[in-house]
Amino acid sequence: MAKKIKTAITPTREEDYSQWYQEVIKASDMAENSPVRGCMVIKPWGFALWENIMYEMNAMFKETGVRNTYFPLFIPLSYLEREAEHVDGFAKECAVVTHHKLEKGADGRLVPAGELAEPLIVRPTSETIIGESMSKWTTSYRDLPILLNQWANVVRWEMRTRMFLRTSEFLWQEGHTAHATKAEAQERTLQMLDVYTRFVEDYLAMPVICGRKTESERFPGADNTTCIEAMMQDKRALQAGTSHFLGQNFAKGSNIKFQNEEGQEAYAWTTSWGTSTRMIGGMIMVHSDDDGLIMPPRVAPAHVVILPIIKKGGDNAEVMESTNALKQALNAKIYHGRRVEVEIDARDIGGARGWDWVKKGIPVRIELGPKDIANNAVFMARRDTNEKKAMDRDAFINGIIDLLDDIQGTLFQRALDFRKAHTLSIDSKEKFYTLYKGATGYENGAFVYSHWCGSKVCEETIKKDLSVTIRCIPFDSPAEEGACICCGNGSKRRVLFAKAY
RNA sequence: CGGGGCGUAGCGCAGCCUGGUAGCGCGCCUGCUUUGGGAGCAGGAUGUCGGAGGUUCGAAUCCUCUCGCCCCGACCA
């Protein structure tokens with residue numbers, strides 16, 4: 001008997017949350033670091049997850065009339081300057097291309113040559129270059145709305161990176177729309193935030209709080225930024241998606257003009273909205289445990305792994321035949337429009353095999369040996385609850401859809417309960433400070449609803465003192481008279497405070 | 001970008017102070033034994049000790065520079 005290890009992942013969440021996070025990713029085989037600083041290699045198990053996310057979200061976008069496009073990776077430097085706040089927001093983290101070829105230098109090594117007349121930046125986001133096209137495509141109100149999306153990579157030269165949560169290059173989707181009226185653009189902003197809410201809650205099983213960002217947390221160049229915020233297991237908040245109402249700021253910068261029904265020239269109203277591979281980081285931190293990754297069935301690359309019990313040198317033909325038949329029977333079942341995906345792992349490596357799949361987060365594991373076959377049974381283990389039991393084979397096959405739905409529901413409910421258990425309303429500044437002063441590591445305080453007077457000074461004071469920010473002004477925060485948690489002045493509603501990723 | 005820590009086999013680490021040419025555990029390969037569970041025994045493979053210079057007869061070890069990772073801060077999806 002080898003030494004008994006309690007958890008598949010060390011350290012545990014409680015011991016060292018950030019280290020645990022890194023280890024979960026490594027153990028799941030989703031991704032690893034690349035030779036380039038701050039960039040990551042997404043491996044098949046991780047990319048399959050992203051593909052499922054893209055597939056499902058893409059369908060949701062299209063239902064709202066959005067169409068996919070592709071715009072260039074490179075953007076002329078001057079475009080960035082078209083919107084003043086945009087410059088301030090992104091200039092300091094842009095990768096810049098200044099040369100177009102390499103030549104051999106004196107020592108035989110390659111050096112950049114052929115300096116560009118105008119440097120190009122690698123897109124940190126694409127408002128400006130898409131705005132350029134929109135301005136060409138828009139002459140009449142009949143050309144509007146324009147509803148575009150693209151799945152792409154972007155680069156933001158980050159000082160501090162973490163896998164999936166913040167990498168220098170990341171994958172995302174960015175939606176960009178232009179409208180004839182302010183109201184329509186505002187409506188679109190909320191419509192897309194609602195798509196995000198539904199996707200993140202229904203597919204990633206992460207409950208979110210929807211709201212509006214304060215002025216200081218707004219997207220650079222936006223009139224209004226809305227967001228969805230989720231609670232991680234260390235009680236910190238993660239912004240899982242944002243949707244911006246850009247007013248006419250970018251329309252003016254990019255000259256997106258049209259003639260309205262009255263024949264007058266007008267600037268369009270634009271929006272943009274995005275979600276990224278960061279959501280995967282959120283999914284990991286919301287659901288996973290000390291044995292590794294846990295994936296919600298609706299986005300998992302595979303739903304079931306079958307582990308045939310095989311004997312080395314023995315006759316395993318019957319077991320393998322039964323395994324393949326089970327896989328086929330499961331494949332025939334449709335889970336929310338997608339067939340039930342099954343992996344078979346017939347490696348003869350003992351119990352380590354099962355642990356590999358625990359760490360990969362697959363929702364259901366099935367052990368299938370001669371005894372099960374004789375009894376027309378399977379031995380089933382759920383990743384979410386760790387429940388293990390022998391089941392009638394046909395009952396398992398016929399119940400697989402319900403089982404997966406149950407796992408999906410359990411994950412969402414568990415995350416919701418966790419958030420509720422760590423959400424407070426606080427009216428005393430002293431209590432507020434005490435809570436967050438002691439907040440480190442796994443215990444990063446809570447989600448706190450407190451009153452805020454609306455002053456930037458108060459917001460900054462709290463940020464400076466406690467590293468706590470206003471995550472959002474929740475849409476469902478009721479009108480309620482109160483005193484600002486920081487200065488005590490009058491406030492009309494509570495806002496959501498938390499430490500954030 | 002500031003402060004701190006760390007890069008040695010696929011993974012986790014020891015060796016470094018007091019230079020002498022690399023080791024342990026897990027994993028991997030082979031064989032036998034096991035078999036409803038992260039197996040046991042025996043044998044075996046794998047390292048330009050992150051990279052580049054320097055000091056030295058000799059560098060994983062000392063010095064300089066550099067790249068990368070992790071943590072804290074500032075910044076940020």
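Here is how names work: the chains are called A, B, and so on, in the same order as the sequence lines, proteins then strands, and each is numbered from 1.
Atom CD of A:E321 has 12 or fewer neighbouring heavy atoms from other residues, nucleotides or ligands inside a 6.0 Å radius.
Less than 4.0 Å separates RNA chain B from no heavy atom of any residue of residues 214-229 of chain A. If you check residues 275-283 of chain A against RNA chain B, the residues with a heavy atom closer than 4.0 Å are A:S276, A:R278, listed by number.
Considering only residues two or more places apart in sequence or on other chains, A:Q239 meets the side chain to side chain contact (heavy atoms under 4.5 Å, CB included) condition with A:K213, A:C227, A:E229, A:T242, A:R278, A:R471. A:W273 meets the side chain to side chain donor-acceptor pair (under 3.5 Å) test with A:T271; sequence neighbours excluded. Scored by the ring-ring contact (aromatic ring centres under 6.0 Å, His included) test, A:Y433 finds no partners at all (sequence neighbours excluded). Partners of A:W157 under the ring-ring contact (aromatic ring centres under 6.0 Å, His included) rule, at least two apart in sequence or in another chain, do not exist in this structure. Applying the ring-ring contact (aromatic ring centres under 6.0 Å, His included) test to A:F199 and every residue at least two apart in sequence or in another chain returns A:Y203.
Taking atom CE on A:M192 and atom P on B:A77, their separation rounds to 19 Å, with Å as the unit. At whole-Å resolution of the value, CG in A:D356 and C1' in B:G27 are 11 Å apart. Note: CZ (A:R123) to P (B:A77) measures 18 Å, nearest angstrom. Atom NZ of A:K359 is separated from atom P of B:G38 by 14 Å (rounded to the nearest Å). As a whole-Å value, the separation of A:L466 CG from B:G73 P is 12 Å. Here B:G27 presents its C1' atom at 12 Å from CZ of A:R347, a figure rounded to the nearest Å. We find that CH2 of A:W355 is positioned 15 Å from P of B:G27, with the value rounded to whole Å. For A:H244 and B:A77, the NE2 to P distance is 8 Å, given to the nearest whole Å.
At a threshold of 4.0 Å, the pair A:R347-A:D356 counts as salt-bridged, since one of the basic side-chain nitrogens sits closer than that to a carboxylate oxygen.
In this structure, B:U30 forms a base pair with B:A42, meeting either the Watson-Crick or the G-U wobble geometry with both donor-acceptor distances under 3.5 Å.
For B:C24 and B:A42, the P atoms lie 14 Å apart once the distance is rounded to whole Å. Using atom P as the reference point in both B:U66 and B:G20, the two lie 28 Å apart (nearest Å). The separation of B:A77 from B:G4, taken at their P atoms, amounts to 29 Å, rounded to a whole angstrom. Here, B:U33 and B:G19 have their C1' atoms 47 Å apart, quoted to the whole Å. Spacing between B:A60 and B:A74 at atom P, rounded to whole Å, works out to 42 Å. Distance noted for atom C1' between B:G10 and B:U56: 35 Å (whole Å). With both ends at atom C1', the span from B:G15 to B:U34 equals 37 Å, rounded to whole Å. A gap of 41 Å separates the P atoms of B:A59 and B:G40, to the nearest Å.
Of the listed nucleotides (B:G36, B:G38, B:A77), B:A77 has the atom at the smallest distance from the side chain of A:T167. Among B:C75, B:G38, B:G73, the nucleotide with an atom closest to any side-chain atom of A:E158 is B:C75.
Across the interface with RNA chain B, nearest-nucleotide mapping of A:M159 and A:E93 shows A:M159 to be the residue nearer the 5′ end. Position along RNA chain B of the nearest nucleotide to A:S168 versus A:D348 favours A:D348 as the more 5'-ward residue.
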I'd like a list of close polar pairs between nucleotides 4-12 of chain B and the protein, N/O only, cut-off under 3.5 Å.
residue: B:G12; atom: OP1; partner: A:K26; partner atom: NZ; Å: 3.0

Polar-atom pairs under 3.5 Å, protein N or O versus N or O of nucleotides 42-53 of chain B: list them with distances, or write none.
none

Please enumerate all protein N or O atoms sitting under 3.5 Å from an N or O of nucleotides 69-72 of chain B, with distances to 0.1 Å.
residue: B:C69; atom: OP1; partner: A:G38; partner atom: N; Å: 2.8
residue: B:C71; atom: OP1; partner: A:R162; partner atom: NH2; Å: 3.2
residue: B:C72; atom: OP2; partner: A:R160; partner atom: NH1; Å: 3.4
residue: B:C72; atom: OP2; partner: A:R160; partner atom: NH2; Å: 2.0

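A:T277 places no side-chain N or O within 3.5 Å of a backbone atom of A:F164 that could act as its donor or acceptor partner. No donor-acceptor pair closer than 3.5 Å links the side chain of A:Q150 to the backbone N or O of A:A152. For A:Q173 (side chain) and A:T275 (main-chain N/O), a donor-acceptor pair under 3.5 Å exists by modelled atom type.
For A:K371 and A:F379, the positive end is not near the middle of the six-membered ring at less than 6.0 Å and at most 45° from its axis. A cation-pi contact links A:R82 to A:Y79, judged by a cut-off of 6.0 Å to the six-membered ring centre and 45° from its axis.
Among the protein residues, A:T469 comes within range of no part of the nucleic acid, since none of its heavy atoms lies under 4.0 Å from any strand. Across all strands, A:L165 comes closer than 4.0 Å to base atoms (heavy-atom distances). Heavy atoms of A:Q239 sit under 4.0 angstrom from primed sugar atoms or phosphate atoms, though from no base atom. Within 4.0 Å (heavy atoms only), A:G369 reaches at least one base atom of the nucleic acid.
Between the CZ atom in A:R393 and the CG atom in A:N375 there is a gap of 12.0 Å [rounded to 0.5 Å].
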Expected list for residues 279-293 of chain A: side-chain donor-acceptor pairs under 3.5 angstrom, two or more places apart:
residue: A:H287; atom: NE2; partner: A:L204; partner atom: O; Å: 2.7
residue: A:H287; atom: NE2; partner: A:A205; partner atom: O; Å: 3.3
residue: A:S288; atom: OG; partner: A:I284; partner atom: O; Å: 2.9
residue: A:S288; atom: OG; partner: A:I294; partner atom: N; Å: 3.2
residue: A:D289; atom: OD1; partner: A:D291; partner atom: N; Å: 2.8
residue: A:D289; atom: OD1; partner: A:G292; partner atom: N; Å: 3.3
residue: A:D289; atom: OD1; partner: A:R383; partner atom: NH2; Å: 2.7
residue: A:D289; atom: OD2; partner: A:R383; partner atom: NH1; Å: 3.0
residue: A:D290; atom: OD1; partner: A:R13; partner atom: N; Å: 2.9
residue: A:D290; atom: OD1; partner: A:R13; partner atom: NE; Å: 2.9
residue: A:D291; atom: OD1; partner: A:A8; partner atom: N; Å: 2.8

Please list, one pair per line, the donor and acceptor atoms closer than 3.5 Å that link side chains of residues 34-48 of chain A to other protein atoms, with sequence neighbours excluded.
residue: A:S34; atom: OG; partner: A:V36; partner atom: N; Å: 3.1
residue: A:S34; atom: OG; partner: A:V36; partner atom: O; Å: 3.0
residue: A:S34; atom: OG; partner: A:C39; partner atom: O; Å: 3.1
residue: A:R37; atom: NH2; partner: A:M159; partner atom: O; Å: 3.2
residue: A:K43; atom: NZ; partner: A:D29; partner atom: OD1; Å: 2.7
residue: A:K43; atom: NZ; partner: A:E32; partner atom: OE1; Å: 3.4
residue: A:W45; atom: NE1; partner: A:K360; partner atom: O; Å: 2.9

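In this structure, A:Y436 has its ring center under 6.0 Å from that of A:F432. In summary, the aromatic rings of A:H176 and A:F250 are positioned with their centroids too far apart to meet the 6.0 Å limit.
Side chains of A:T167 and A:E158: no donor on one and acceptor on the other come within 3.5 Å.
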